[in-house]
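One structure is given below, encoded as structure tokens.
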Amino acid sequence: MTELQEVCRDIRKELQAADMYAYEAAKHQEQYADLAAKYYQAAKQHMAVADELMAGADRMVDDAKRRGREGADQSGIVLAWEREMMLEEKNCIMRKLDMYKR
């Protein structure tokens with residue numbers, strides 16, 4: 001299911017962008033508070049897009065299962081694994097965003 005692979009790739013890109021912006025928010029917090037706030041908001045937006053894409057990926061797998069498409073079960077297994085890896089990355093990003101809030 002190449003569509004699912006593409007969505008997972010895009011989720012990873014969004015998380016990478018969120019990670020970079022979260023780092024910048026924490027880095028600039030004291031000296032450039034306004035800039036840091038913009039970075040913080042950008043990180044949150046990229047996290048939201050990643051969440052929306054994950055929900056879309058879930059719907060893709062559910063739809064494939066409903067239609068009885070071949071390989072739908074394997075796609076679900078792959079998506080579960082991807083989700084686990086992405087949740088780990090999201091937790092790291094959230095820690096950086098928490099550093100910004102301090």
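In this chain, numbering begins with 1 at the start of the sequence shown.
A continuous path of ILVMFWY side-chain contacts below 4.5 Å connects Ile11 to Leu4, so both sit in one hydrophobic cluster. Connection of Trp81 to Val7 is not established within any shared hydrophobic cluster, with ILVMFWY side chains joined at heavy-atom distances below 4.5 Å, either directly or through further cluster members.
For the pair Leu79/Met54, a side-chain contact is recorded, criterion being any heavy-atom separation below 4.5 Å from C-beta on. Taking the side chain as every heavy atom from C-beta outward, Thr2 and Gln5 approach each other to under 4.5 Å.
The OG atom of Ser75 lies 10.5 Å from the CD atom of Glu70; values are rounded to the nearest 0.5 Å. Here Glu24 contributes atom CD and Leu35 contributes atom CG; the two are 8.0 Å apart, rounded to the nearest 0.5 Å.
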Side-chain donor-acceptor contacts of residues 39-46 below 3.5 Å, not counting sequence neighbours, with atom names and distances?
from, atom 1, to, atom 2, distance (Å)
His46, ND1, Glu14, OE1, 2.5

Side-chain polar contacts of residues 59-67 - donor-acceptor pairs under 3.5 angstrom, sequence neighbours left out - could you list them?
from, atom 1, to, atom 2, distance (Å)
Asp63, OD1, Arg67, NE, 3.1
Asp63, OD2, Arg67, NE, 3.1

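Checked options Glu84, Met85, Arg83; the residue passing with Leu87 is Arg83 (criterion: side chain to side chain contact (heavy atoms under 4.5 Å, CB included)).
In terms of heavy-atom proximity, Lys96 sits nearest to Ala22 at CB-CB, 3.8 Å.
No donor-acceptor pair closer than 3.5 Å links the side chain of Asp19 to the backbone N or O of Leu15.
Tyr23 belongs to no hydrophobic cluster with other residues, because no ILVMFWY side-chain heavy atom falls under 4.5 Å from its own, directly or through intermediates.
With respect to the salt-bridge test (charged N to carboxylate O, under 4.0 angstrom), the residues Glu89 and Arg12 do not qualify.
Shown here is Asn91, whose CG atom has more than 12 heavy atoms of other residues, nucleotides or ligands within 6.0 Å.
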Taking it one step at a time, do Arg9 and Glu6 satisfy salt bridge (charged side-chain N to carboxylate O under 4.0 Å, His left out)? CA-CA 5 Å; Arg9 181 199 65 221; Glu6 292 170 0; 5.3 Å; no
